[in-house]
Undergrad: 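Here's a structure for you.
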Amino acid sequence: MNTVLPLLPGSPASPSDLPDAAREHLPTTPFGLYVHVPFCATRCGYCDFNTYTSDELGPGANRAEYAGTAIAELRRAAEVLGPDLPTVSTVFVGGGTPTLLPAEDLAAVLAAVRELFPVDPAVEVTTEANPESVTPASLATLRAAGFTRLSLGMQSAAEHVLAVLDRRHTPGRAAQAAREAVEAGFGHVNLDLIYGTPGETDADWAASLDAVLAAPVDHVSAYALIVEEGTRLARRIARGELPLPDDDVLADRYVQADTVLRGAGFDWYEVSNWSRGEAARCRHNELYWANANWWGIGPGAHSHVGGVRWWNVKHPAAYAQRLAAGESPVADREVLGDADRALETVMLGLRLRDGLPLTALSDAGRLRAADAVARGLLDPGAHAAGRAVLTDRGRLLADAVVRDLTD
Amino acid sequence: MLRDPGRSWDHGSTVTTPAATDPARIRNFCIIAHIDHGKSTLADRMLEVTGIIEARQMRAQYLDRMDIERERGITIKAQNVRLPWRVGDSEYVLDMIDTPGHVDFTYEVSRSLAACEGAVLLVDAAQGIEAQTLANLYLALENDLTIIPVLNKIDLPAAQPERYAAEIAHIIGCDPEDVLRVSGKTGEGVPELLDAIVAQIPAPEGDADAPARAMIFDSVYDIYRGVITYVRVVDGRIASRERIKMMSTGATHELLEIGVISPEPKPVDGLGVGEVGYFITGVKDVRQSRVGDTVTLQHRPAAEPIGGYSDPKPMVYSGLYPIDGSEYPLLREALDKLLLNDAALTYEPETSAALGFGFRVGFLGLLHLEIVRERLEREAGISLISTAPNVVYRVVMEDGTEHTVTNPSDWPEGKIDRVYEPIVNATIIAPSEYTGAIMELCQSRRGQLGGMDYLSESRVELRYTLPLGEIIFDFFDALKSRTRGYASLDYAEAGEQESSLVKVDILLQGEPVDAFSAIVHKDKAYSYGVMMAGKLRELIPRQQFEVPIQAAVGSRVIARETVRAIRKDVLAKCYGGDITRKRKLLEKQKEGKKRMKMVGRVEVPQEAFVAALSTSEPSAAKK
């Protein structure tokens, strides 16, 4: 059971009352920073992220002022976590579309991180970007500021698929942006793909995968399209204008992606992520999956430190107002109980290529793990070596396996 | 036109005082009408015209007590009301007994009719007579009741009084001119109807000096007062504070109150020959005061009961299960409570491998089933699954032993020699252009045509013998849809017939699911199997393995479907903000999994049972 602590009126919840237990492993647990940039040029029909197309969101929340507001929260973070601050091992700027901010602003945020926190010399610093919102010049600025990794939203190489997704770039632009990033000196470049969009064919998907392989990238994320409630896509499907993605088709696409990527030297290391070698894995995401500590900066951003999760107020204006008033922008938080943590450990760990040790399971869970091996969902070799690792088929049924193992 | 007869009532005129009313001044009558032909509205107008209720106190369908009755516009329980009426200088007492209007309650109808000397045959002037009205009319004629034919709703633009007056005249053998015309809505013709009741319906006859005999025509449980019993006194007199005796059981009770309904209960000193009223003894269960029984006095009992009493006999059985298994004790409590008010209800505990603990419940018919189910859900707040309704089969084995089967699970193993099923005589009335469609339907339900009559040029009456088991499925829905709602149906039990019946089992991965088994004619086994297997294929979620669904008769598989194995059950993403959301989703899924019923290794959601069993959603109440 987890406890959601209610907000006290006049005293906004603050992680400053982090329980001592949460601080206990702070210095020894990997620590990352996530910075949310809640702006987009247009809202894509499938997207339910916390992002806004308006530039008139209010004082502190407008694009031009946003970096300053984010830096104000960084200061709070340093105060709350201090005085013995954890070393930052990863920074991830996501959105929204981070590259809608001038590269100089992103550089300023990163500079503030370095000023406020001890930073690992081998720090991984990623920013997400839309292919149409980067230029060789902006990429050079980011690289010079210390960004090491670029994650580009490509989604598809098929124009009609991009149209259904409301994506504005032309099919070739993502690969071109990847080349520009490499030329600017980025050591790691990722392309994000979405499969199972209504109207997408096997051939479209094959073409998308080929386009990825032709680009100089060392990481691919491929996600099944999720029709989120409340999105324009969901409404179009409800009205019958578009068909709902079929689960069997999604399974076929996944197998297709895994086969093609594997053939090109990409190995899966998480259900939806493939990399060329271990060094190319996204360490920031690995930190989420290992249940390590991170602080999420920005409206609606989620944080986790030592079994306490909290999330900021969602609207950029409310977020900026709180910070301007010297108040915490936290909306609410939950303190995870033992059962929650155990469940999360399995839920996150089982999605990884390395799986999780059988000792992370209950007695009943371990019995069921043996059954899952018999049913071809867990790898027998890994099981014999004391770990629960999904087979290829098991990856597609990961949620069912998690439910089984945590009963 | 409104008179003021209430005056004589209030001033206690001796000729109409309860217990002292001269039988010559009494007219006991009922109204025979189809469900929406305006009986309750006409009764409302009678209450107003006779002045016992003022227009401003009026609420629609005043006499219908239960919410379900008002909502559905049907009368489930009999009602009665004592109305004062004056013709010239003479005062009269009119006792109107409102009969239940449904085929399930034929016995109750017959008892209500037996309490009357006359009946108002009320027919919608825009629709003409319906099958059920006809059946009740025949019942009234058998009871030697004087019939007053009346066309209602003459205010409607679509009314065709000439046409339907001719039809009625043809059926009851009167002159079309004798058919009265009223509007329950406007009140037109209602005083003339009351005058006609006085003039045409005979006064009750009885021996005032004989030992008291009164017939129970209804019995209702009230949480405050216990059982309220409605009676018609035939002989003698029953006075307050006397000890009465039920002649079927010999049980005696103290009379706590005796009274008349006008239109609210009013205690009186007693009831004499021909009078209609109620009494309260403090008993808590309507079984102790059964419809049709004869009441007499303990100190001077009658020698013979009035006759016509019979125990209610369940015709249709269904398993009722709480969707939430933990509500089983609540269901038991609710059934126990309903039993207090429903002498026809029977039940016993039953266990289903698929549905858990529940009850096998016996009903008079489909409407009865539906009403009970609805009352359990509404009054006790329990969500229920009901299994497909089942009639009572008699199975004779080759070795001569006999089994009574009210549940497919009780179908005997071994060599069956013959099977008997209950049959009914059904009457269907419809516009003649639907004759072909009706015949086709009845033939497909194994019906035997018994006869056919033209009620008028354009309306036909068809008489069929049909297996009851065919009617309780979805017969009425099918009839309505084939006749665009114009057909009406009535039926009465007519014994049993030998038939080629088999039990069809439904198997998931080779495991039979008891809740889906059905007893059907061998020619229908295949279509039932295909229908059920197809339905389950849609309802059973995909599992991690392929699930074969089979329909089988004994060991012979007659239909097969497959639920393909699920291939994808994984969320694409799980990053920082998704973790809490995903954990909650997982917890919800795990909760859902706990509510799944396991059939072998197959997880079947409750909703699948509900949906699979819901086709036979009884249609009777839509009449």
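Letters A, B, ... mirror the listed sequences (proteins, then strands); counts begin at 1. Note that the structure is predicted; figures quoted are calculated from it, not measured.
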Undergrad: Determine the option with the most heavy-atom pairs under 4.5 angstrom with chain B, choosing from A:H284, A:H304, A:E228.
TA: A:E228
Undergrad: Is it the backbone or the side chain of B:K582 that comes under 4.5 Å from a heavy atom of chain A, or both, or neither?
TA: both
Undergrad: Salt-bridge test for A:R351 and A:E270: reply yes if a basic N is under 4.0 Å from a carboxylate O, no otherwise.
TA: yes
Undergrad: Less than 4.5 Å to any heavy atom of chain B: does that hold for the side chain of A:L287, its backbone, both, or neither?
TA: neither
Undergrad: Output all residues satisfying side-chain hydrogen bond (donor to acceptor under 3.5 Å, both in side chains) with A:D258, sequence neighbours left out; order by chain, then residue number.
TA: A:R262, A:W274, A:R395
Undergrad: Can you tell me which portion of A:S303 sits under 4.5 Å from chain B's heavy atoms? Options are side chain, backbone, both or neither.
TA: neither
Undergrad: Please evaluate residues A:Y269 and A:H219 with respect to the criterion side-chain hydrogen bond (donor to acceptor under 3.5 Å, both in side chains), reporting the C-alpha separation (whole Å), side-chain torsions for both, the decisive distance (0.1 Å), and the verdict.
TA: CA-CA 10 Å; A:Y269 71 102; A:H219 191 285; 2.5 Å; yes
Undergrad: For B:F357, is the CZ atom crowded, meaning more than 12 foreign heavy atoms sit under 6.0 Å from it?
TA: no
Undergrad: Please determine, among B:R542, B:K593, B:Q544, the option with the most heavy-atom pairs under 4.5 Å with chain A.
TA: B:Q544
Undergrad: I'd like to verify something: which residue of A:M347, A:R309, A:R393, A:R375 has the highest number of heavy-atom pairs under 4.5 Å with chain B?
TA: A:M347
Undergrad: Please confirm whether the ring centroid of A:Y195 lies under 6.0 Å from the ring centroid of A:W205.
TA: yes
Undergrad: Measure the CZ-CD distance between B:R583 and A:E344 for me, rounded to the nearest 0.5 Å.
TA: 4.5 Å
Undergrad: Please flag which part of A:N312 lies under 4.5 Å from any non-hydrogen atom of chain B: side chain, backbone, both or neither.
TA: neither
Undergrad: Under 3.5 Å, is there a donor on one side chain and an acceptor on the other for B:N407 and B:E350?
TA: yes
Undergrad: Could you tell me which portion of B:I566 (side chain, backbone, both or neither) has an atom closer than 4.5 angstrom to a non-hydrogen atom of chain A?
TA: both
Undergrad: What residue, out of A:L377, A:N50, A:D252, has the most heavy-atom pairs lying under 4.5 Å from chain B?
TA: A:D252
Undergrad: Hey, can you tell me if A:W289 and B:Y575 have their rings parallel, tilted or perpendicular (30° and 60° cut-offs)?
TA: tilted
Undergrad: With chain B as the partner, which of A:I226, A:V401, A:T406, A:L348 has the greatest number of non-hydrogen pairs under 4.5 Å?
TA: A:T406
Undergrad: Determine whether the aromatic ring centres of B:F359 and B:Y328 lie less than 6.0 Å apart.
TA: yes
Undergrad: Measuring heavy-atom distances to chain B, does A:N273 have an atom under 4.5 Å in its side chain, in its backbone, in both, or in neither?
TA: side chain
Undergrad: Among B:L585, B:I579, B:D569, who wins on heavy-atom pairs under 4.5 Å with chain A?
TA: B:D569
Undergrad: Against chain B, work out which of A:V271, A:N291, A:L250, A:L225 has the most heavy-atom pairs shorter than 4.5 Å and name it.
TA: A:L250
Undergrad: Contact part of A:Y223 toward chain B, heavy-atom cut-off under 4.5 Å: side chain, backbone, both or neither?
TA: both
